[in-house]
A.B. asks: 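This structure is in structure tokens; I'll ask about it shortly.
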Amino acid sequence: MSTIVSLPDQATAKLPAKSFLNQEYGLKSWLLTGDHKRIAILYLISISFFFVIGGVLAGLIRLELLTPPSDLMATDTYNKVFSMHGIIMIFLFLVPSVPATIGNFLIPLMVGARDLAFPKINLLSWYLYVAGGIFVLSAMVLGGVDTGWTFTTPLSTHYLNTHVVTAAMGIFLAGFSSIFTGLNFIVTVHRMRCPGMTWFRLPLFVWGHYATSIIMILGTPVLAITLVLVALERTMSIGVFDPTKGGDPLLFQHLFWFYSHPAVYIMILPGMAVISEVISTFSRKRVFGYTAVAFSSVAIAVFGFLVWEHHMFIMGVSQYSALVFSLMTMLVAVPSAIKIFNWSMTLYKGSITFETPMLYAFGFLGLFTIGGLTGIFLATLGMDIHLTETYFIVAHFHFVMVGGMLMAYLAGVHFWWPKMTGRMYPEAISKTAAVITFIGFIVTFFPQFLLGYLGMPRRYAAYPADFQVLNVFSTAGASILGIGYLLPMLYLPWSLIYGKIAGNNPWQATGLEWQIQSPPLTENFAEIPIMDHEAYDYEWLANKTQHEVQTVG
Amino acid sequence: MSHISPVLWEFLVHWLKNFAIFPPEASTIAPYADALYFALVGMTVTGLLLVMTMVLVFAIRYRQERHPEAVQIEGSTLLEATWTLIPLGIFLVFFVWGALLYFRVFNAPPNSMNIYVVGKQWMWKVEHQGGQHEINALHIPEGVPIQVTLISQDVFHSFSIPAFRVKREAIPGRYTTVYFQATTPGKYHLFCTQYCGTNHSQMIGWVYVMTPADYRAWAAENTSGASLAQNGERLFASMGCNACHSGNASARGPNLANVYNTRIRLTDGSTVVANEAYIRETILNPSTQVPAGYAPIMPTYQGQISEDGLIDLVEYIKTLDSNYRIQQTLNKSELSSAQASTVGVGKTPPPQGAAKP
Amino acid sequence: MTEKTQETHQDAEVHVVKPPVYLAIFLALLALTALTTGISFIDLGVFNAVIALAIACFKASLVVLFFMHLHYSSRLLKLTVAAGIFTFLLLISLTMTDYISRAWGMF
Amino acid sequence: MDSQSIATTPEELDRSVLPHAHEHPAFLRHHFEDVGQQREAASFGMWVFLLTEVMFFGGLFCAYLIFRNWYHPAFVAGSNTLDITLGTTNTAVLICSSFTMAMAVYSAEIRRRGQLILFLVLTIVLGSAFLGIKAVEYHQKYVDHHIPGLDFSIQEFVHPSNPKAIPLAPDMAEKTQLYFFLYFAMTGMHALHMIIGIALLFIMVARASKGAYTEGHVIPVENFGLYWHFVDIVWIFLFPLLYLISRYR
Ligand code: HEA
Ligand code: HEA
Ligand code: CUA
Ligand SMILES: [Cu+2]
């Protein structure tokens, strides 16, 4: 039987009369909402705000690095700029990016529930995020922090007089926001699935978020207590992390990275979750090796807890322990490889089209592969000695975080934009933006690998002149990249008013969320659906649409 | 070409002169590191090409115009196993390879010459055995295995010489070591790569690799007149250490002669090798490791001796290799400076396992 | 008197633990507290720590199993608790791989 | 209904009945299908939250373990300054409060309002007693200058007033600061949880007196019980670690 899906012509689509967007009006109806879809939108707006701030800071970093001396700003200003860039981008942008916006919006829809398990906690989580953001912003406005995003002790505890505690408080709050998001997801996935929705009928998007949530609830509290200790140590001049008082600075590193390594998987798993959906949809094909992809998410989450020490290889940890952690790091890289290969195989014998989300997804595949494989460089003990703390690392993590997760985030935003707003984004310009982003990205961050191998240290406001040429490339690339990111920020709001009406299922995708109206009703489903087929079942969809066409026609 | 504006031309020339894409290879470690690097680059390129070919070929062959109806495929256990095991195998090869290199860099051969480096916000203080002190510069002879023993006076710093492909963190409160052997005379970058506060980017300097002859000349010219051990000897007297560690049978503290690098039995029954770390630690926190048979009466010197002073003391105690009375050694402390300056090269006893587990 | 909600959802059966069970556990906890305090006055070398922690674990298990009803709860909840303990042990043990194999005694 | 008839358009929607067809208790939130689902979700959610609490305290336990091994004599000496009578009493008090809390849950389950309120109030009393005793202990530490960062004094450890105690070398005695810092961090964090718990208990008593939990909606009481018992468990570990281990050695 054919799996070609044909839906009624999009041109005839109408915006639904009633949806979660027009259910209620007024600021209050948004700020006190329990609706996961509205909270997702609140998150979307707030993280975009922080992304712009982080992006402007990135622009300042690149401008400063255009020339070797620290001429644009003083060194301590530069230090504050990259610290705030890191803190904002990681804790206020990338960690909540996909889960708190797209995930929040979609997980109930995908498991067939009316809302997340705890709507009020979901709202609380947004408020915590905002409070955290306000703390970080006030730290910035009051004069900034210059610890780097890693808060290395004893520098952060005894040698700086900037607003470390304020920023730490902000991260503490944002951390609890992410704990609550994770908690909500886990409970929802376990307890709110609709009848017939077995674990292996869940879309891979849900699996990815499930794995993410595990890390969120188990890792984040350790960061929280660590930051509390840092704050106490600063205010009371205690010495848990200070060797002159008998403490151990490496203990901080252990506790910090116990969270922050798994956190990098918080920052990639949701992106991978998006990619599964996008690739399947635009090749009209079930994801190759569904179970392998699903389990590799969980494997990444679990193994992710076993490798944190690879950030400390030259910091004086025991060499035997370094061996153990290097080995574990090699193991944790394998599930990512499995995913990449499965996605590539999904294309095989598909029926592929190249809409914007798919372009971003292709970008993800290439850039994440580079970023991930350069992670192997760093996991290789002897190589890490030379590469650590250089621009090689900066390039590595921008490849996985910006080239990987940010691309996936943009793919996701474009992919579900019609579902969230009921309108299409403009296709041609968005494709251009995707291509610009890709080119800009390569020009910005590829030279940094070379810089890193040359030995240029990270977090340098001034650098020897030998490194200039590559830095100029990088800055030039960042300008292109900035345009690439600016475009969606312009045309997406534009499309809210002028975009084409999307209709229920513009991509002819199989997910439950596409079978309901867009934008959805406040209660999501008129009646709780019953799941009677696997995820990505295009036969089912073709069947259903035929049936629909008949009844309509 | 002639139409290019002169300003732009200047600019381009300046650029191209400053264009480097590969660091010089100037130590015995560098070729090993580069070999590993190129192998890894090879892996990345292969992996990337593999993925890109799959994606591009499929994207072109199975685009909707050519292939309007997708063929649904469940998956394949065989393929899953392939792309689990092959990357795993490759990664494991790199794990072993990298581990070998790591142990090579961090464990110096026994005949290395030891140089102390103290990091502080924001400079590197280098102390050679012969009493040469340098700031933000390191002069070393080529072809001699060198072990740098690092410590920080305040926050984490990181001692990085890209041309040698080595780097090691200087940690407050603890010695770490790194080993290299320079191969080509020249001038190389020395960086602090661990973020350490405001002037982190100014904590840079140069490594000068010299021929052994040049190095000897430099060392003779630049010595401060007293070797580290001699400074330590003075400090030993002025801090009152010899009041208890006089070497007499009646002394309240243990005799320190020949203590270095021996196994010490502690009161709690465990044993410990008296390496640099141990000596430093007993001076600062004497009661954490009390040798069997002694009461923990030694006062702590935490906060009274700088890291440089500690290094001097450690060096002094290391050289106490016979059982003579300490008072006597104090009398003959006026060694000639020329003698002192040669102490360094290849003659010091191997500093065993300052960072060994 | 057992309140039984008549819903259809899977394993939603609510087990009401009876006061005698609570009382027994309560008394056991008090007794164990007395025991552990008593033992701490006897010098047993390393076993002081071992015994104290063993008793603490036992007490904690009693609380979790009966006061917190885990004994009567679904597999999922048991698994959740196991996951928590597991990750906690990971944090401790993997950090210890560093501390134990660093230079003798002192870091 | 099969999945092909998921309402896709507003027209279809109008045909389907939006309000739930059958009667539900008032406390059932709209997005749950039935009471059972809500109950399971709530208790599972609570357990997951407790997981994060485990990891939260986990960081402190990890630090404690490491420094205890490094500075064993200091930790022994520090531990010996704690009042074991108060500590044991407090443990007993907390266990009692756990028991009354368990009974409160039971009372809610069998729908006895008066009994529920009684047990909740008892829990408040016992919890406050715990905090009171803790305050006495903290005050003692203040008097002894054993609060790190607050003109801490090592006098007691270098020249112990108790002739049986072994004096520490000054450098080791300094390390008792670490012990006391961890002592205050851990018990303080624990006390903070107790304070939050007691505040919640007051709210629950107020609502219980209006009959909130005895109409079948026992989830809040049950979940609070889980929280309270968890706090008890933390103390069950803190007590031996801080007070008991190698007490007299
Ligand atoms: C989204 C975030 C993210 C992700 C997903 C990763 C993924 C990985 N990272 Fe990265 N990492 C960071 C973010 C991330 N990292 C950050 C922010 C830092 C710096 C922190 C700081 O200091 O500020 C960092 C630092 C960092 C270090 C520390 C370097 C140092 O400080 O010295 C190490 C070391 O091991 C490392 C390793 C890895 C590895 C092995 C992976 C693996 O998970 C990657 C797995 C993926 C693949 C391997 C690609 C897919 C594979 C294939 C397609 C197979 C190819 C085919 C063949 C081999 C035939 N990373
Ligand atoms: C999600 C995470 C994330 C993201 C998206 C980015 C995005 C970018 N980052 Fe960042 N970066 C980090 C996370 C991230 N970074 C972290 C964690 C660090 C380490 C910090 C530390 O060391 O502590 C770091 C450090 C870091 C450095 C190293 C600083 C140093 O070590 O000295 C550099 C240098 O080039 C850099 C550059 C960039 C650039 C060019 C982008 C670009 O992709 C950004 C492009 C986006 C925009 C430009 C915004 C969109 C455009 C507009 C809103 C228009 C207006 C723009 C302008 C006026 C310029 N980043
Ligand atoms: Cu010292 Cu950076
Ligand atoms: Cu990592």
Side-chain angles (χ1 to χ4, degrees), chain A residues 183 186-187 189-195 198-199 213-223 225-226 243 246-259 261-262 298 301-313 315-328, chain C residues 2-17 46 48-49 52-53 56-57 59-61 63-65 67-107:
Chain A
L183 190 153
I186 289 213
V187 176
V189 173
H190 269 286
R191 283 294 179 237
M192 311 281 289
R193 280 171 286 130
C194 66
T198 59
W199 281 90
S213 310
I214 295 180
I215 305 178
M216 283 173 164
I217 58 165
L218 290 174
T220 322
V222 179
L223 175 76
I225 191 69
T226 314
D248 182 19
L250 276 190
L251 178 61
F252 171 83
Q253 298 289 326
H254 278 294
L255 294 179
F256 180 83
W257 290 113
F258 180 84
Y259 164 75
H261 178 81
V298 179
V302 174
F303 281 97
F305 277 107
L306 309 178
V307 304
W308 74 82
E309 205 184 87
H310 65 213
H311 296 270
M312 310 157 59
F313 280 158
M315 281 196 162
V317 295
S318 127
Q319 294 179 9
Y320 300 107
S321 162
L323 270 184
V324 173
F325 279 89
S326 171
L327 180 63
M328 298 312 268
Chain C
T2 315
E3 186 247 2
K4 264 243 178 178
T5 33
Q6 53 282 81
E7 72 293 293
T8 47
H9 215 75
Q10 344 91 294
D11 56 31
E13 211 144 295
V14 182
H15 186 100
V16 175
V17 185
V46 277
N48 272 38
L53 283 178
C57 290
K59 280 163 76 179
S61 326
V63 175
V64 171
L65 288 177
F67 279 3
M68 298 169 86
H69 309 164
L70 191 68
H71 183 66
Y72 315 98
S73 304
S74 60
R75 264 229 321 274
L76 174 64
L77 292 192
K78 291 181 180 146
L79 214 69
T80 311
V81 175
I85 298 172
F86 177 71
T87 324
F88 174 71
L89 291 180
L90 270 189
L91 169 65
I92 303 271
S93 57
L94 282 179
T95 310
M96 283 302 152
T97 60
D98 175 18
Y99 284 89
I100 287 172
S101 59
R102 279 200 209 160
W104 257 106
M106 282 282 105
F107 9 85

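Naming convention: chains lettered A, B, ... in sequence-line order (proteins, then strands); numbering from 1 in each chain. No experiment lies behind these values; they were computed from the predicted model shown.
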A.B. asks: Check Y99(C) against D248(A) and note the closest heavy-atom contact, atom names and distance.
C.D. replies: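 For Y99(C) and D248(A), the tightest heavy-atom pair comes out as OH-OD2, 2.7 Å.
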A.B. asks: Heavy atoms only, distances under 4.5 angstrom: which of V222(A), I186(A), L250(A), V302(A) has the most pairs with chain C? Name it, please.
C.D. replies: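 Max contact count across the listed options: L250(A).
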A.B. asks: Considering only heavy atoms, give the residues of residues 321-328 of chain A separated from chain C by less than 4.5 Å, sorted numerically, with 'none' for an empty result.
C.D. replies: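 Under the 4.5 Å heavy-atom cut-off, S321(A), F325(A) qualify.
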A.B. asks: Heavy-atom distance under 4.5 Å between the side chains of L91(C) and L255(A), does that happen here?
C.D. replies: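 Yes, close enough: below the 4.5 Å cut-off.
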A.B. asks: Rounded to the nearest 0.5 Å, how far does CD1 of I92(C) lie from CZ of F258(A)?
C.D. replies: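 F258(A) CZ to I92(C) CD1: 9.5 Å, rounded to 0.5 Å.
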A.B. asks: Would you say L94(C) and W308(A) make side-chain contact, with heavy atoms under 4.5 Å?
C.D. replies: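 Result yes, sub-4.5 Å side-chain heavy-atom pair found.
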A.B. asks: Just wondering, are more than 12 heavy atoms of other shown residues or ligands nearer than 6.0 Å to CZ in F303(A)?
C.D. replies: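 No, the 6.0 Å shell around CZ holds no more than 12 heavy atoms from other groups.
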A.B. asks: Chain C heavy atoms under 4.5 Å from L306(A): which part of the residue, side chain, backbone, both or neither?
C.D. replies: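 L306(A) touches chain C through backbone and side-chain heavy atoms alike.
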A.B. asks: Could you measure the distance from the CG atom of L77(C) to the NE2 atom of H190(A)? Nearest 0.5 Å is fine.
C.D. replies: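 The NE2 atom of H190(A) is 10.0 Å from CG of L77(C), to the nearest 0.5 Å.
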A.B. asks: CG/D98(C) to CG/L251(A) distance, rounded to the nearest 0.5 angstrom?
C.D. replies: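 Between D98(C) CG and L251(A) CG, I get 10.0 Å after rounding to 0.5 Å.
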